Amino acid sequence: MCSRDCCSGPGGSNRGNTCTDKKGGKAGSLNGEKIIPTPQSLLYPYEVIEEIADFIVKGSGMRPKIGIICGSGLGSLADIIQDPKIFEYEKIPNFPVSTVEGHAGRLVVGTLEGATVMAMQGRFHFYEGYPLAKCSMPVRVMKLCGVEYLFATNAAGGINPRFAVGDIMLMHDHVNMLGFAGNSPLQGPNDPRFGPRFPALVNSYNKDLINKAIEIGKAMGIESNIHVGVYSCLGGPNYETIAELKALRMMGVDAVGMSTVHEVITARHCDMKVFAFSLITNKCATEYSDKKDDEANHEEVMAVAKTRQKACCELVARLIREIHLASA
Ligand SMILES: O=P(O)(O)O[C@H]1O[C@H](CO)[C@@H](O)[C@H]1O
Ligand SMILES: Nc1nc2[nH]cnc2c(=O)[nH]1
């Protein structure tokens with residue numbers, strides 16, 4: 001058994017990893033065991049992703065066109081899927097497991113507003129101990145299942161003072177703090193079957209979908225709760241200090257979380273259209289004089305997400321309906 005870093009995710013199992021020892025390479029050794037330094041992209045070669053996608057397509061009898069990633073407390077986005085085929089993550093070969101409260105750990109495939117969809121009720125975060133390539137690996141699975149559109153949702157702290165708890169921020173850009181620090185889901189050898197070595201990320205967030213979502217927000221009577229803004233992902237699991245939040249604000253960040261950015265990078269690398277939004281679950285304290293109860297906590301994040309599930313579900317369902325009608 002290989003004891004390398006890539007083979008020991010949370011729980012200490014070797015699930016979800018392909019040991020490249022078999023493929024050769026220059027091995028070092030640690031405690032007498034062979035070690036091959038493995039770039040994170042090699043954790044999931046194309047063939048392994050293909051196997052997972054085949055398992056889902058054959059098991060569901062469907063080729064979904066839209067992929068949804070449910071944010072913390074937003075798992076109900078997958079509960080509105082009709083005729084669902086449910087795959088527990090632990091039963092999907094080579095799939096990681098969800099370890100965070102509010103992330104059930106199931107893949108739901110079915111139809112929504114006439115479109116074939118697959119939804120992740122539970123995403124993977126860097127702070128769980130998974131490398132970024134593993135966190136966003138399911139996006140590549142979606143791609144090989146046939147998905148053309150990624151809907152990524154998250155719970156986030158509002159930095160923009162105009163945002164209120166419960167508001168929805170449609171993401172039109174991001175600041176990749178983990179990327180600033182030299183980490184990327186695309187690190188390591190590039191497989192051109194997924195996409196180019198140096199993908200461009202301007203216009204990552206589809207403008208037509210943002211404009212349609214704004215129109216839908218108006219039709220739902222929640223236009224004053226809808227904003228367009230910039231999201232940033234930090235590594236977590238700790239929430240931010242006031243100095244960090246001030247710095248993010250100066251950089252033009254409107255909302256902060258611990259996810260989504262690496263999923264979007266992976267989706268754009270393989271040329272998927274991306275729509276993403278943050279549900280503002282807490283207001284971030286950006287002044288030392290701010291009240292003590294402005295401290296973020298996950299219970300509050302989950303509780304707020306629950307109260308806004310209905311609006312988020314309606315927004316997603318209506319947007320999927322528009323995509324479906326436009327392509328029919
Ligand atoms: O981004 P999602 O998965 O919605 O969850 C957000 O909420 C959790 C913190 O409360 C973190 O995992 C953060 O990323
Ligand atoms: N990093 C971060 N993630 C969150 N997820 C929900 N709220 C927050 C927050 O304030 N900060």
Side-chain angles (χ1 to χ4, degrees), residues 10 68-78 89 96-106 119-130 132 134-136 138-139 150-161 163-169 171 174-178 180-181 185 229-249 251 253-265 276-287 290-309 312-313 316:
I68 303 167
I69 302 178
C70 305
S72 284
L74 292 173
S76 59
L77 291 171
Y89 287 168
V97 288
S98 281
T99 69
V100 185
E101 201 201 328
H103 291 264
R106 316 183 322 161
M120 289 179 68
Q121 244 175 357
R123 63 149 55 88
F124 308 112
H125 305 84
F126 191 59
Y127 63 76
E128 292 175 77
Y130 295 125
L132 289 182
K134 192 163 181 168
C135 295
S136 57
V139 173
L150 176 69
F151 278 43
T153 68
N154 61 62
I159 302 181
N160 186 319
F163 293 1
V165 169
D167 284 357
I168 291 171
M169 184 193 81
M171 286 169 63
H174 68 231
V175 176
N176 179 9
M177 292 305 285
L178 298 178
F180 277 25
V230 176
Y231 173 90
S232 183
C233 166
L234 271 62
N238 55 283
Y239 297 103
E240 296 69 36
T241 66
I242 290 181
E244 286 163 352
L245 291 162
K246 279 177 185 280
L248 289 169
R249 187 68 199 130
M251 289 166 79
V253 172
D254 298 297
V256 61
M258 309 171 196
S259 69
T260 308
V261 166
H262 35 278
E263 298 157 354
V264 170
I265 292 171
F277 70 79
S278 300
L279 175 66
I280 304 302
T281 52
N282 53 291
K283 267 176 94 74
C284 293
T286 49
E287 295 301 332
D290 281 348
K291 295 192 305 290
K292 172 94 170 69
D293 60 9
D294 279 343
E295 277 186 359
N297 71 78
H298 194 55
E299 288 67 40
E300 182 194 0
V301 167
M302 302 275 296
V304 170
K306 271 210 180 87
T307 66
R308 299 298 285 160
Q309 283 182 35
C312 293
C313 285
V316 166

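Keep in mind the model is a prediction, meaning the values are calculated, not measured. Each ligand, and each atom within it, is numbered from 1 in the order the structure gives.
- Note: an N/O pair closer than 3.5 Å links Y239 and ligand 1 by distance alone.
- The structure places CZ of F277 at 4.0 Å from SG of C312, a figure rounded to the nearest 0.5 Å.
- Heavy-atom proximity to N154, at under 4.0 Å, picks out these atoms of ligand 1: 1 (O), 4 (O).
- Side chains of R123 and T260: a donor on one and an acceptor on the other come within 3.5 Å.
- In terms of polar-atom proximity, defined here as any N/O pair under 3.5 Å, Y239 makes no such contact with ligand 2.
- Side-chain atoms of R308 and T281, non-hydrogen and from C-beta on, never get closer than 4.5 Å to each other.
- Under the 30°/60° scheme for interplanar angles, the aromatic rings of F124 and Y130 are found to stand perpendicular.
- Between V100 and ligand 1, no N or O atom pair is found at a separation short of 3.5 Å.
- A side chain to side chain contact (heavy atoms under 4.5 Å, CB included) with D254 holds for exactly one of V175, V230, I280; it is V230.
- Not a single heavy atom of L234 lies less than 4.0 angstrom from ligand 2.
- With respect to atom 6 (C) of ligand 1, the closest heavy atom belonging to the protein is A155 O, 3.4 Å.
- Within the 4.5 Å cutoff, no side-chain heavy atoms of C135 are placed close to those of P185.
- Formation of a donor-acceptor pair under 3.5 Å by the T153 side chain with backbone atoms of G71 is found in this model.
- Summary of contacts: the protein heavy atom closest to atom 5 (N) of ligand 2 is A155 O, 3.3 Å.
- Of all the atoms in ligand 1, the ones that sit under 4.0 Å from a non-hydrogen atom of Y127 are 11 (C), 12 (O).
- A donor-acceptor contact shorter than 3.5 Å is absent between the side chain of Y89 and the backbone of M120.
- The closest protein non-hydrogen atom to atom 2 (P) of ligand 1 is R123 NH1, 3.4 Å.
- Scanning all protein heavy atoms for the shortest distance to atom 7 (O) of ligand 1 gives S72 OG, 3.3 Å.
- On a distance-only criterion, T260 and ligand 1 share no N/O pair closer than 3.5 Å.
- Between the side chain of Q121 and the main chain of R106, no donor-acceptor pair closer than 3.5 Å is present.
- Of all the heavy atoms of V301, the ones lying under 4.0 Å from any atom of ligand 1 belong exclusively to the side chain.
- Close approach of ligand 2 to T281 is summarised as follows: ligand atoms under 4.0 Å from at least one heavy atom of the residue are 6 (C), 7 (N).
- The protein non-hydrogen atom at the shortest distance from atom 1 (O) of ligand 1 is S259 OG, 2.5 Å.
- Each of the atoms 6 (C), 7 (N) of ligand 2 lies under 4.0 Å from some heavy atom of V301.
- Of the heavy atoms in V256, both backbone and side-chain atoms come closer than 4.0 Å to ligand 2.
- H125 NE2, 2.7 Å is the protein heavy atom nearest to atom 3 (O) of ligand 1.
- Side-chain atoms of H125 do not come within 3.5 Å of backbone N or O of M258 as any donor-acceptor pair.
- Side-chain atoms of N154 and S259 form no donor-acceptor pair, as typed in the model, at a separation below 3.5 Å.
- Looking only at distances, a side-chain donor or acceptor of T241 sits under 3.5 Å from a matching main-chain atom of E244.
- Scanning all protein heavy atoms for the shortest distance to atom 1 (N) of ligand 2 gives E240 OE2, 2.5 Å.
- Residues C233 and M177 approach most closely at O-CB, 3.4 Å, considering heavy atoms.
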For side-chain contact (heavy atoms from CB on, under 4.5 Å), just list the numbers for M169 and L279, CA-CA rounded to whole Å, side-chain angles, deciding distance to a tenth of an Å, and then say yes or no.
CA-CA 6 Å; M169 184 193 81; L279 175 66; over 6 Å; no

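- Protein heavy atom at the shortest distance from atom 8 (C) of ligand 2 is G157 N, 3.4 Å.
- Among protein heavy atoms, atom 14 (O) of ligand 1 sits closest to M258 N, 3.0 Å.
- If you look at N282 next to ligand 2, the close heavy atoms, those under 4.0 Å, all belong to the side chain.
- Atoms of ligand 2 lying under 4.0 Å from any heavy atom of M258, numbered from 1 in the order shown and given with element: 1 (N), 2 (C), 3 (N).
- When only non-hydrogen protein atoms are considered, atom 3 (N) of ligand 2 lies nearest to G257 CA, 3.3 Å.
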Could you walk me through whether L234 and L248 satisfy the side-chain contact (heavy atoms from CB on, under 4.5 Å) test, starting with their C-alpha distance in whole Å, then the side-chain angles of each, then the deciding distance to 0.1 Å, before giving a yes or no?
CA-CA 10 Å; L234 271 62; L248 289 169; 4.1 Å; yes

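- Contacts between C284 and ligand 2, counted as non-hydrogen atom pairs separated by less than 4.0 Å, involve the side chain only.
- Residue contacts with ligand 2: A296 is placed with no nitrogen or oxygen under 3.5 Å of a nitrogen or oxygen of the ligand (distance criterion only).
- Close approach to G71 involves these atoms of ligand 1, each under 4.0 Å from a residue heavy atom: 4 (O).
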